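To keep things clear, I will list the structure first and then write my remarks on it.
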Amino acid sequence: MKADREKWEARYRAGERTHDGPPSGLLRRWLPVLPKGRALDVAAGLGRNAIFLARAGYRVDAVDISPTGLAEAARRARRLGARVRWIEADLDVWKPPSSAYDLVVNTFFLKRRLIPALQRAVRPGGAFVFETHLQGDEHGGPGAAHRLRPGELQRRFKGWDILELEEGRFSEGGRSWLLGRLVARRPMPATRRR
């Protein structure tokens with residue numbers, strides 16, 4: 001959507017750094033047990049999670065709407081010797097390939113219509129790390145439409161193996177946020193008996 005692109009372009013040109021800094025604490029904590037291979041970072045922003053994953057050995061695709069944000073992320077990756085495939089795309093229309101990723105990371109971004117496509121993008125046995133704002137703490141951050149409803153992640157990931165699911169106040173990037181957080185594994189297909 002053109003308005004989204006213009007909004008983020010203006011914010012990055014003005015020095016936007018809200019979710020800049022170290023990678024997600026949830027992602028860092030779970031990394032040792034997450035499946036290795038190919039990863040997708042959704043709404044990658046300045047690349048904090050994508051670069052972290054690339055440096056940990058993943059083949060990373062990072063998608064974002066802002067060419068300015070992606071250019072800065074690419075500069076940071078080059079400086080750190082991290083290889084990431086940066087994809088400029090509008091997440092209102094872009095869809096990932098099915099069963100292509102061992103890990104999908106979605107932090108501080110909520111596009112409800114995209115969630116089923118992101119779930120399908122995870123290979124059976126692969127994992128999804130999801131962390132974003134929760135309704136109930138509307139001062140600072142996005143409006144209510146861009147916040148998870150209580151219990152929403154549990155409902156949306158019904159049938160997945162839930163490894164961690166929390167809702168509450170957490171510190172992220174030096175700030176305190178009311179968040180919904182989930183780490184889930186896509187189940188392997190059931191084998192048919194003969």
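Atom set for the values below is all heavy atoms of this structure, side chains included, hydrogens, waters and symmetry mates excluded. Note that the structure is a prediction, hence the values are computed from the model and not measured.
- The main-chain N or O of G45 is never found under 3.5 Å from a side-chain atom of E72 such that the two would form a donor-acceptor pair.
- Partner of D102 under the salt bridge (Lys or Arg N to Asp or Glu O under 4.0 Å) criterion, out of R185, R186, R123, R59: R123 alone.
- If you take CG on N49 and CD on E131, they are separated by 8.5 Å, rounding to the nearest 0.5 Å.
- Both W94 and L110 are part of a single hydrophobic cluster, where members link through side-chain heavy atoms under 4.5 Å apart.
- Residue pairs satisfying the ring-ring contact (aromatic ring centres under 6.0 Å, His included) criterion with at least one member in residues 147-169, sequence neighbours excluded, are listed as follows: F128-F157, F157-W160.
- Other residues, nucleotides and ligands contribute only 12 or fewer heavy atoms inside 6.0 Å of the CZ atom of R55.
- Screening V60, L103, D61, L53 against R38 for a side-chain contact (heavy atoms from CB on, under 4.5 Å) leaves a single residue, D61.
- Screening I115, V42, T107, L118 for a side-chain contact (heavy atoms from CB on, under 4.5 Å) involving F130 leaves a single residue, I115.
- Under a 3.5 Å cut-off, the side chain of N106 and the backbone N or O of F109 do form a donor-acceptor pair.
- Judged purely by atom type and a 3.5 angstrom limit, R147 uses its side chain to pair as donor or acceptor with the backbone of L134.
- Both F52 and V33 belong to a single network of hydrophobic side chains, linked directly or stepwise wherever heavy atoms of I, L, V, M, F, W or Y lie under 4.5 Å apart.
- At a threshold of 4.0 Å, the pair D92-R113 counts as salt-bridged, since one of the basic side-chain nitrogens sits closer than that to a carboxylate oxygen.
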